[in-house]
**Q** 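This is the structure I want to talk about, given as structure tokens.
Atoms within a ligand are numbered from 1 in the order they appear, just like the ligands themselves. Remember, predicted model here, so these are calculated numbers, not experimental data.
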Amino acid sequence: MAGIELILAAICLNSTCLTDTSLSTTATSFISNETSSLAEKERNLANLRNALNGNHLKVATLEDYPLSYTNKANGTVIGKGVSFDIVDFLAEKFNFTYDVVVPDKNIIGSSTDLSGSLIEILRNQSADIAAAFVPHLADLRQYIWFSTTLDEGEWTMVMLRPAESATGSGLLAPFETAVWILIIVSLFAVGPIIYGLIILRNKLTGDDSQKPYSLSHCAWFVYGALMKQGSTLSPIADSTRLLFATWWIFITILTSFYTANLTAFLTLSKFTLPFNSVDDIARREKHFVAQRGGGIEYAIKNDGELLNILSKMVAKNRAYFTMGLNDTETLMDYVEKKNYVFVRDMPAMKHMLYLDYRYRKQISMTDEKIHCPFAVSKVPFMRKKRSFLYPLQSKWSPLFEPEILNLVESGIVKFLIGKNLPKAEICPQDLAGTERQLRNGDLMMTYYIMLAGFVTAIVVFGSELIFRIVNERVAAKRTLTIGNFETRKDKSKKIVMGKDVTPPPTYNSLFFRHGKQATDFNVSQSQHNFEDSFHGKRRIINGRDYMVYEGNTGEKRLVPMRVPSATLFQYSYTE
Ligand SMILES: *[C@@H]1O[C@H](CO)[C@@H](O)[C@H](O)[C@H]1NC(C)=O
Ligand SMILES: *[C@@H]1O[C@H](CO)[C@@H](O)[C@H](O)[C@H]1NC(C)=O
Ligand SMILES: *[C@@H]1O[C@H](CO)[C@@H](O)[C@H](O)[C@H]1NC(C)=O
Ligand SMILES: *[C@@H]1O[C@H](CO)[C@@H](O)[C@H](O)[C@H]1NC(C)=O
Ligand SMILES: *[C@@H]1O[C@H](CO)[C@@H](O)[C@H](O)[C@H]1NC(C)=O
């Protein structure tokens, strides 16, 4: 029955089929009865229409930019916003005029908060309809009727945009803590393991071709490999070579993972807000601000609502409900100055941020971080259906309901809500598009490492000094007991020992083995003589001067000639 009624209602939406007699004549008696009751309904509606025609209504509303708000002109209040677009449409269609009534306080109202509320006006029957997007709160049903649902309101949170989520810890980010710990453990463990295995091998095989490296050498090798630096150790035994290679492979894989992950982390890192949902707010007891008398307040304070978990925070003064109507001011006062989280419903939030964005765009043209100091959470704080209100037993609701339903179903309400907003998302969570340059904050870790390194070096240096002084004292004490004479002898011996190390033969002497005087050597003066004298040839190889010189067995030897490299050569090959 209900289904057929609905279908018929759909067919007869525009009341054109009221007098369609062909339907009733061709249909069965059952349907004729249906149509007759439908006809009765239509008659009632037509009567209502007539009653409303030329009538004067009172429309209550709330200040809730951009959904409903009022302007005062010449002493009369004029309703604006999406709600009044709808009311104006109804007024035009049903030919009525209306006055706008505003409650004393700008609140929706609840059982415990009635005085001066929107609900009170409707309850007194001093308004015929409330043109405001009022969330469906269970508590309200005893006082009013809800109209057809206009939209589903989404309340979200806006907060100060945190600095990039990779602050400081960026360099540690590629690996989990457990991985870091294991890397450090292996760093300390592998050196001794290699050391022990070399000794064990030498013991078991009795082969001493592989000379055992000292423990410090092994540890240094492990550390050097981790830093991708080479090592001068070149093991001979196969098992030792395998040990070394294993560590190298491990390090190669580890470092390439680290590099790749760090790159990915810095370029694609997901932006995360500190507070994403109601749970975050409740758990960390974050201060938040919402509108006084709005859906959020009643959803927290009324019994049996979803946000009841936050009522504890109200008791602890963590929640603040502002009477301020200017969202921009609320944003400045609470979010920017006090770092609160501001909870507001979606179209208002978007308008507020868009205004803010346009204002900041004037201040700085290019820097997107200045344009978007705020970020909006993606998970809604609360979702609730919203609709107009009628007083209980409202006379006009049967007339208005189908019209409002039409507006909703045809998407007109949705269009009106998004009317003055840009299509693009304003200040999205990820400010993509801007190339992220590393800031000092990101490199903090490297600075700390440097600092720690320097401090350790200074400490070690200090301790070396102390040890030296202590050792000298000990030595002095010992020598004192032996006698003054011996000390002096000791000291002189020491000095002689230092001088004992003969410096390598001078570079020149290498070329003047055939009895010529070393002082003759002067490249710029007598190159020709010089070349003749050793049967060598001067060549420039890779941009450097070399003497190409034939050895006894006929092999060619290159001897660098330019003075600095010659000096280096001399010291590295003659020591
Ligand atoms: C039509 O409906 C009325 C009540 O609405 C009922 O009394 C009547 O018997 C019905 N007639 C038929 C033909 O079903
Ligand atoms: C609309 O109402 C006015 C009175 O407010 C009346 O004069 C006018 O005739 C009405 N129009 C229609 C189409 O009924
Ligand atoms: C307000 O009154 C002035 C004249 O006093 C008139 O010109 C103007 O149109 C009025 N505005 C509105 C919105 O009625
Ligand atoms: C509504 O009724 C209450 C008493 O029930 C009264 O105090 C209040 O003034 C009335 N409000 C309006 C707008 O008539
Ligand atoms: C809200 O406050 C800001 C800053 O005080 C002001 O510029 C703006 O005009 C106000 N908006 C409204 C609608 O009053």
**Q** Atom 5 (O) of ligand 5: which protein heavy atom is closest, and how many Å away?
**A**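 Nearest protein contact, heavy atoms only, for atom 5 (O) of ligand 5 is E329 OE2, 3.1 Å.
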**Q** Could you check whether the rings of Y65 and H351 sit parallel, tilted or perpendicular, using 30° and 60° as the cut-offs?
**A**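 Perpendicular, since the angle between the ring planes exceeds 60°.
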**Q** Could you label the plane-to-plane angle of the F94 and F400 rings as parallel, tilted or perpendicular, counting under 30° as parallel and over 60° as perpendicular?
**A**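 Ring orientation of F94 relative to F400: tilted.
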**Q** Who's the nearest protein heavy-atom neighbour of atom 9 (O) of ligand 5, and how far?
**A**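 Here the nearest protein heavy atom works out to N326 ND2, 4.7 Å.
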**Q** Any protein heavy atom at under 4.0 Å, with atom 14 (O) of ligand 5 as the reference point?
**A**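 True for atom 14 (O) of ligand 5.
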**Q** We want to know whether Y98 and N55 form a side-chain donor-acceptor pair, criterion being a heavy-atom distance below 3.5 angstrom.
**A**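 Result is no, nothing qualifies.
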**Q** Hydrogens and angles aside, do Q142 and S111 bring a side-chain donor and acceptor to less than 3.5 Å of each other?
**A**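 Short answer, yes.
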**Q** So which heavy atom in the protein is nearest atom 4 (C) of ligand 2, and how far is it from that ligand atom?
**A**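 Minimum-distance protein heavy atom for atom 4 (C) of ligand 2 reads G54 CA, 3.9 Å.
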**Q** Is it true that E63 and T70 share a donor-acceptor pair across their side chains at a distance under 3.5 Å?
**A**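 Result is yes, a qualifying pair exists.
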**Q** With the threshold set strictly below 4.0 angstrom, can you tell me whether any protein non-hydrogen atom sits that near atom 7 (O) of ligand 2?
**A**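 It does not; no protein heavy atom is within 4.0 Å.
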**Q** For N95, take its heavy atoms, then give the atoms of ligand 2 lying under 4.0 Å from any of them.
**A**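 So the answer, numbered in order with elements, is 1 (C), 2 (O), 3 (C), 8 (C), 10 (C), 11 (N), 12 (C), 14 (O).
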